[in-house]
Asker: 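Let me give you the structure first, and then I'll get to my questions.
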Amino acid sequence: MRSWDAAVERAQGRLAAGERLRAAVEGEERRFALWDLASLVEGELGEVVDPDGLTPQAERAWRERLGESGREWPGGELYRRRYWIRDDRAEVVGTVAVDNWTKGPSQLAVSSLYVGPGARGRGLAAGALDEVYAAATAEGLPGFRLEAHWTWQSAVRYYLRRGLWVVGWKRSLSLARMPQLPLHRVREEDGRLVLLVADRQRGWVPILAAGQEGRWLRLDETADYRGCDGWVHEYARSTLALYLALAGWPMVRGPQWWAEAWRWSDAGEPEGLAFKIEQFEQTARGTGRRVVSPYRPVPAPQATAQLADSGDG
């Protein structure tokens, strides 16, 4: 049996040998931590800071505002390899990190993806993700996985634009790029959101369509969805669910579905993601974060009344 640990080590070697990334060396831990902090400040607090211009006093103040999420973890370099993203002039413009062990179905685990504001819009973050994917697949690893906070709206939308599939939402949103999953896109047509996958012979093939019935979701499957392979069949519904949430569309097919939403609190049906988003947002507000979200809460009064009428309350 192939050793995944050895495959990860070889993939890390490929990343370190590339031109786009540069491995952080001894003595750069503090600088990398400050870039990580800048990412957190922007993602959670909506403020932009220059990581290389942070004084010790400013760093302490930002970490205090962030609370637990701003806590620094000394020795983190033991568990993951840290890389600087470089631009065409070989200047450091961002960060990415890759764990020293696999996650999920033996995938590389990616974190700390961040590009400074002045270097955005040039494909540098996308290039870094492409490098990680290429290194993983070259060593027989099935792509990579990363986590994203629901409240980090710009990051979540970016990952979907990069073609990542939603594979879960247990503690945060889990997204992945895998050889087993084709390119996908979502388009709006005839008042519905349609999820399509790329097929070499047929082009873009619709597999799921989401519409609205009053304040509730209607989810329709195509024959192609019922006949697609297991990977697409498993993750198509969760991926479309995230598109629905970002578009502010209904995610629940009725009161009975909402009553059982907890069943999909790790992954699966759109109702499960709606259930978790309400928890994610409640947690964020509980820590004093300002939440700006397109998500539409489930119509609780109407649902309660219908449940009582149906005898399920």
Side-chain angles (χ1 to χ4, degrees), residues 24 28-77 79-80 82-85 87 92-97 99 109-122 124-126 128-129 145-162 164 166 169-175 242 245-248 273-274 276-297:
E28 293 186 315
E29 295 86 1
R30 286 293 305 141
R31 188 186 183 196
F32 200 101
L34 292 177
W35 281 69
D36 254 351
L37 177 60
S39 175
L40 288 169
V41 169
E42 184 172 347
E44 296 199 23
L45 303 177
E47 301 189 43
V48 178
V49 299
D50 174 13
D52 288 332
L54 285 172
T55 65
Q57 295 80 5
E59 178 188 0
R60 285 195 298 271
W62 286 119
R63 292 194 185 281
E64 288 175 2
R65 284 187 61 184
L66 286 166
E68 181 63 22
S69 64
R71 179 181 176 187
E72 186 176 4
W73 297 92
E77 66 276 4
Y79 307 105
R80 59 181 188 161
R82 301 174 179 185
Y83 299 94
W84 298 107
I85 299 174
D87 64 11
V92 167
V93 294
T95 60
V96 67
D99 280 9
V110 175
S111 60
S112 294
L113 181 64
Y114 175 73
V115 170
R120 293 175 190 171
R122 293 151 56 185
L124 297 170
L129 290 179
R145 180 179 296 210
L146 55 80
E147 308 293 316
H149 296 289
W150 159 253
T151 53
W152 292 32
Q153 291 287 300
S154 61
V156 173
R157 294 175 188 274
Y158 175 78
Y159 293 136
L160 285 183
R161 290 198 303 272
R162 294 303 309 160
L164 274 64
V166 180
W169 44 66
K170 185 173 184 178
R171 295 182 180 85
S172 60
L173 298 174
S174 297
L175 300 100
L242 183 54
L246 292 170
L273 180 56
K276 290 308 292 275
I277 285 176
E278 296 200 354
Q279 292 186 347
F280 293 152
E281 294 190 353
Q282 181 180 9
T283 298
R285 291 189 181 97
T287 58
R289 302 290 190 270
R290 178 172 174 264
V291 176
V292 179
S293 167
Y295 171 70
R296 292 168 52 183

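These figures come from a predicted structure and were not determined experimentally.
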Asker: Quick one: CZ on Arg157 to CG on Leu242, what's the gap to the nearest 0.5 Å?
Answerer: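 With rounding to 0.5 Å, CZ (Arg157) is 9.0 Å from CG (Leu242).
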Asker: Could you tell me the separation between the CG atom of Leu164 and the CG atom of Leu173, rounded to the nearest 0.5 Å?
Answerer: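 Atom-to-atom, Leu164:CG and Leu173:CG are 11.5 Å apart.
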Asker: Could you check whether Arg285 pairs with Glu281 (Lys NZ or Arg NE/NH1/NH2 to Asp/Glu carboxylate O, under 4.0 Å)?
Answerer: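 The answer is yes: the pair qualifies as a salt bridge.
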Asker: With Ser172 as reference, evaluate Glu147, Lys276, His149 under the side chain to side chain donor-acceptor pair (under 3.5 Å) test and give the passing residue.
Answerer: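 Only match with Ser172 under side chain to side chain donor-acceptor pair (under 3.5 Å): Glu147.
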Asker: Taking the side chain as everything from C-beta on, heavy atoms only, tell me whether Leu37 gets closer than 4.5 Å to Leu66.
Answerer: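 Side chain of Leu37 against side chain of Leu66, heavy atoms only: contact under 4.5 Å found.
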Asker: Please walk me through it: do Asp52 and Val92 pass side-chain contact (heavy atoms from CB on, under 4.5 Å)?
Answerer: CA-CA 11 Å; Asp52 288 332; Val92 167; over 6 Å; no
Asker: Check the pair Val156, Leu175 against side-chain contact (heavy atoms from CB on, under 4.5 Å), reporting the backbone distance first and the verdict last.
Answerer: CA-CA 9 Å; Val156 173; Leu175 300 100; 5.7 Å; no
Asker: Roughly how far, to the nearest 0.5 Å, is CZ of Arg82 from CG of Asp36?
Answerer: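 It comes to 7.0 Å.
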Asker: Looking at every non-hydrogen atom in both residues, tell me the closest pair between Arg122 and Asp87 and how far apart they are.
Answerer: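 Answer, listing the atom of Arg122 first, then Asp87: NH2-CB, 3.3 Å.
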Asker: Closest approach of Ala119 and Val93, non-hydrogen atoms and distance?
Answerer: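 Scanning both residues, the minimum pair turns out to be CB-CB, 3.7 Å.
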Asker: Would you sort out whether Val166 and Leu273 count as a side-chain contact (heavy atoms from CB on, under 4.5 Å), showing the intermediate values?
Answerer: CA-CA 11 Å; Val166 180; Leu273 180 56; 5.9 Å; no
Asker: Nearest 0.5 Å please: distance from the CD1 atom of Ile277 over to the CD atom of Gln282.
Answerer: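 Taking CD1 in Ile277 and CD in Gln282, the distance rounds to 14.0 Å.
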Asker: Please walk me through it: do Arg289 and Thr151 pass side-chain hydrogen bond (donor to acceptor under 3.5 Å, both in side chains)?
Answerer: CA-CA 9 Å; Arg289 302 290 190 270; Thr151 53; over 6 Å; no
Asker: Ignoring hydrogens, what is the shortest heavy-atom contact between Arg30 and Glu59? Give both atom names and the distance.
Answerer: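 Taking every non-hydrogen atom into account, NH2-OE1, 2.7 Å.
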Asker: Start with the C-alpha gap between Glu47 and Trp62, add the side-chain angles, then the distance that decides, and say whether side-chain hydrogen bond (donor to acceptor under 3.5 Å, both in side chains) holds.
Answerer: CA-CA 10 Å; Glu47 301 189 43; Trp62 286 119; over 6 Å; no
Asker: Taking all non-hydrogen atoms of both residues, which atom of Tyr158 and which atom of Ala126 are closest, and how far apart?
Answerer: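 Closest pair (atom of Tyr158, atom of Ala126, distance): OH-N, 2.9 Å.
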Asker: Write down the atom of Trp35, the atom of Gly116, and the distance for their closest heavy-atom approach.
Answerer: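 That closest heavy-atom pairing would be CZ3-N, 4.4 Å.
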Asker: Is there a donor-acceptor pair under 3.5 Å between the side chain of Arg120 and the backbone N or O of Val115?
Answerer: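 The answer is yes, because a donor-acceptor pair under 3.5 Å joins these two groups.
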Asker: Would you check if Tyr114 and Ile85 make a side-chain contact, meaning some heavy-atom pair closer than 4.5 Å?
Answerer: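 With C-beta onward as the side chain, the pair stays apart.
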Asker: Of all heavy-atom pairs between Ser112 and Arg80, which one has the smallest distance, and what is that distance?
Answerer: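 The pair with the smallest heavy-atom distance is OG-NH1, 2.7 Å.
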Asker: Report the distance from atom OG of Ser39 to atom CD of Glu44, rounding to the nearest 0.5 Å.
Answerer: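 Taking OG in Ser39 and CD in Glu44, the distance rounds to 9.0 Å.
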Asker: Under 4.5 Å between any side-chain heavy atoms of Trp84 and Thr95, yes or no?
Answerer: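 Trp84 reaches Thr95 side chain to side chain.
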Asker: Could you check if a side-chain atom of Trp152 sits within less than 4.5 angstrom of a side-chain atom of Glu42, using non-hydrogen atoms only?
Answerer: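 Result no, sub-4.5 Å side-chain heavy-atom pair not found.
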